[in-house]
Amino acid sequence: LKVINAAQEYGVTITRIAPEIVFEILTQGGFIQDARDLARQVDRKLGELFLEAKNQGLRTVMINVGPNGKPEIQDATRP
């Protein structure tokens, strides 16, 4: 839910996020005490992607793991 909310702050809707990315946010972000910590970790991990999507004019995206092992966006309106 925090990922969806963060994306919406950038004007982006997520239709799918790779489970590996969610796992990484939850486990590699250090100690997450509360919802604010989680929101900060989501923004650190995905904020640049959301901004990139917005700058490209994308409104609906999927977040996948790219060939380099990092999160990448894909336009969800294109097959």
Side-chain angles (χ1 to χ4, degrees):
L1 188 58
K2 290 293 179 189
V3 173
I4 293 169
N5 290 341
Q8 288 175 343
E9 289 179 17
Y10 290 88
V12 176
T13 300
I14 298 174
T15 61
R16 180 190 181 283
I17 183 168
E20 304 93 318
I21 296 169
V22 175
F23 181 77
E24 187 175 327
I25 289 169
L26 293 174
T27 60
Q28 294 183 358
F31 185 68
I32 297 176
Q33 275 187 307
D34 58 24
R36 287 184 192 160
D37 289 340
L38 181 56
R40 279 191 286 273
Q41 179 60 17
V42 167
D43 197 51
R44 273 193 294 269
K45 186 71 177 173
L46 302 174
E48 286 184 32
L49 282 179
F50 297 148
L51 185 58
E52 180 184 333
K54 179 181 178 179
N55 289 341
Q56 290 180 20
L58 302 177
R59 305 240 338 137
T60 306
V61 300
M62 295 183 286
I63 303 175
N64 298 308
V65 178
N68 61 359
K70 305 257 186 210
E72 66 179 17
I73 57 170
Q74 179 181 352
D75 186 350
T77 62
R78 294 186 182 153

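This chain uses plain numbering: 1 for the first residue, then up along the sequence.
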Results of side-chain contact (heavy atoms from CB on, under 4.5 Å) for Asn64 - residues two or more places apart only:
Arg16, Met62, Gln74

Could I get the full list of side-chain contact (heavy atoms from CB on, under 4.5 Å) partners for Ile4, not counting sequence neighbours?
Gln8

CD on Glu52 to CG on Leu58, rounded to 0.5 Å
8.5 Å

Is the closest side-chain heavy-atom distance between Val22 and Ile17 below 4.5 Å?
yes

Partners meeting side-chain contact (heavy atoms from CB on, under 4.5 Å) with Glu72 (sequence neighbours left out)
Pro67

Residues, nucleotides or ligands: over 12 heavy atoms within 6.0 Å of Glu48 CD
no

Asp75: partners by salt bridge (Lys or Arg N to Asp or Glu O under 4.0 Å), with sequence neighbours left out
Arg78

If we only count heavy atoms from C-beta on, is the Leu46 to Ile25 side-chain gap below 4.5 Å?
yes

Report the distance from atom CZ of Phe50 to atom CD1 of Ile63, rounding to the nearest 0.5 Å.
4.0 Å

Listed partners of Lys45 passing salt bridge (Lys or Arg N to Asp or Glu O under 4.0 Å), at least two apart:
Glu24

side-chain contact (heavy atoms from CB on, under 4.5 Å) with Asn55: which residues, sequence neighbours excluded?
Leu51

Could you measure the distance from the CG atom of Asp43 to the CG atom of Leu38? Nearest 0.5 Å is fine.
11.5 Å

